[in-house]
Amino acid sequence: MTIQGSARQPVTELDARYSSALNPRPGADKVTATEWSEALRLLDAAEIFWLSTVRDDGRLHVTPVIAAQHDGVLYFSTGPTEQKAKNLAHDAHCALTTGRNSLTEGMDVIVEGRAEKVADPAVLENMIAAYEAKYGPHITSSEGTFHGISDGIRQGGVAVFALAPATAYGFGREQGVYSHTRWTF
């Protein structure tokens with residue numbers, strides 16, 4: 001498996017159809033596309049993501065997960081028999097979404113692509129390190145919500161997936177001024 005991440009720089013474009021550039025408000029004339037480096041910063045800061053997958057019968061399945069970014073690739077995990085793992089075995093296309101629950105501030109980031117199951121021990125160790133660095137005591141403390149996940153990953157009891165972005169979107173809101181950035185890899 002070859003997972004390509006941050007070495008691939010996206011084409012970045014502002015989609016004026018969904019930005020304040022077409023619906024002028026004070027400050028709208030200054031709306032620009034958001035740099036991918038800012039999206040990566042937001043992904044690194046996010047604690048919860050919503051994973052969207054497709055069931056065998058075509059129905060959507062959306063569930064919260066934790067995820068960590070390493071070298072431009074998002075990693076998430078699940079139990080090997082959970083619905084999301086079954087869905088990804090059937091259809092690897094998925095989206096990870098995170099953001100703010102506000103109309104007037106923040107940015108939502110959606111990353112779309114194909115999730116690849118990770119088996120390479122070196123990649124798994126990088127993922128575990130990224131999880132532990134990001135979620136700290138939630139993973140490393142014996143009282144942590146996800147304590148034991150690192151050993152579960154190493155022993156094969158936890159399925160790990162890598163999502164290298166194919167397309168990503170950023171929906172920004174700052175005091176009524178909206179932006180819509182598309183990153184294509």
Side-chain angles (χ1 to χ4, degrees), residues 1-55 58-77 84 87-88 90-118 123 126-127 130-131 133-134 160-185:
M1 163 180 51
T2 303
I3 302 168
Q4 294 183 7
S6 64
R8 300 177 347 159
Q9 288 301 308
V11 172
T12 301
E13 61 185 313
L14 179 70
D15 190 335
R17 295 174 302 161
Y18 306 106
S19 299
S20 291
L22 289 183
N23 188 10
R25 295 187 171 128
D29 58 333
K30 294 180 176 72
V31 171
T32 60
T34 302
E35 295 298 323
W36 180 239
S37 59
E38 175 62 9
L40 287 175
R41 187 191 69 73
L42 293 168
L43 293 170
D44 284 342
E47 292 183 340
I48 297 293
F49 295 78
W50 294 94
L51 175 65
S52 301
T53 59
V54 180
R55 297 173 191 260
R59 291 180 298 135
L60 290 176
H61 180 256
V62 180
T63 187
V65 296
I66 61 172
Q69 184 266 137
H70 178 72
D71 284 343
V73 175
L74 283 165
Y75 292 90
F76 60 93
S77 59
K84 52 192 164 284
N87 295 348
L88 291 169
H90 164 73
D91 184 345
H93 291 96
C94 66
L96 275 173
T97 304
T98 193
R100 296 282 307 267
N101 199 17
S102 169
L103 283 173
T104 59
E105 61 184 342
M107 177 173 278
D108 301 323
V109 179
I110 298 97
V111 176
E112 298 178 343
R114 293 178 55 85
E116 295 184 37
K117 193 166 183 187
V118 178
V123 175
N126 285 335
M127 179 270 191
Y131 257 29
K134 181 172 185 174
V160 172
F161 293 90
L163 177 61
T167 306
Y169 303 92
F171 297 94
R173 299 168 303 286
E174 188 164 330
Q175 300 178 352
V177 176
Y178 299 91
S179 66
H180 175 193
T181 301
R182 178 185 297 113
W183 300 281
T184 308
F185 294 82

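Remark: Thr184 OG1 to Glu112 CD distance equals 10.0 Å, nearest 0.5 Å. Atoms OG1 and CZ, on Thr12 and Arg182 in that order, are 11.5 Å from each other to the nearest 0.5 Å. The CG atom of Leu51 sits 12.5 Å away from the CD1 atom of Ile66 when rounded to the nearest 0.5 Å. For the atom pair Arg41 CZ and Gln69 CD, the distance stands at 12.5 Å (nearest 0.5 Å). Interatomic distance, Leu96 CG to Ile48 CD1, rounded to the nearest 0.5 Å: 11.5 Å. For the atom pair NE2 of His61 and OG1 of Thr53, the computed distance is 5.5 Å after rounding to the nearest 0.5 Å.
Residues Arg55 and Asn87 have side chains in contact (heavy-atom distance under 4.5 Å, counting atoms from C-beta outward). Using a 4.5 Å heavy-atom threshold, the side chains of Ser179 and Thr32 count as separate. No side-chain heavy atom of Tyr75 sits less than 4.5 Å from a side-chain heavy atom of Asn126. Annotation: side chain of Lys84 is not in contact with side chain of Cys94 (no heavy-atom distance under 4.5 Å). Contact of the Val109 side chain with the Thr97 side chain is not registered, since no non-hydrogen atoms from C-beta on lie closer than 4.5 Å. Here the side chains of Leu42 and Thr98 are not in contact, with every heavy-atom distance at 4.5 Å or above. Residues Trp36 and Thr181 have side chains not in contact (no heavy-atom distance under 4.5 Å, counting atoms from C-beta outward). Side-chain contact between Lys117 and Leu88 is absent, with no heavy atoms from C-beta onward closer than 4.5 Å.
Listed for the Trp183 side chain is a donor-acceptor partner under 3.5 Å among the backbone atoms of Thr34. Using modelled atom types, one side-chain atom of Lys134 and one backbone atom of Ala67 make a donor-acceptor pair closer than 3.5 Å. Proximity of a side-chain donor or acceptor of Arg173 to a complementary backbone N or O of Arg100 within less than 3.5 Å is detected. For the pair Asp108 (side chain) and Gly172 (backbone), a donor-acceptor distance under 3.5 Å is absent. Of the possible polar contacts, one joining the Tyr178 side chain to the Leu103 backbone as a donor-acceptor pair under 3.5 Å is found.
Shown here for Leu163 and Val111, the closest heavy-atom pair between the two residues is CD2-O, 3.8 Å. Taking each heavy atom of Ala166 and Gly113 in turn, the nearest pair found is CB-CA, 4.0 Å. Closest heavy-atom contact between Met127 and Ser77: CE-CB, 4.2 Å.
Classified by interplanar angle (parallel below 30°, tilted 30° to 60°, perpendicular above 60°), the ring pair His180/Phe171 is parallel.
No option in Phe161, Phe49, Tyr131 other than Phe161 meets the ring pair (Phe, Tyr, Trp, His ring centres under 6.0 Å) test with Phe76.
By the side-chain hydrogen bond (donor to acceptor under 3.5 Å, both in side chains) test, Glu174 is found to be paired with no residue, residues two or more places apart in sequence or in another chain being considered.
Shown here is Glu47, whose CD atom has no more than 12 heavy atoms of other residues, nucleotides or ligands within 6.0 Å.
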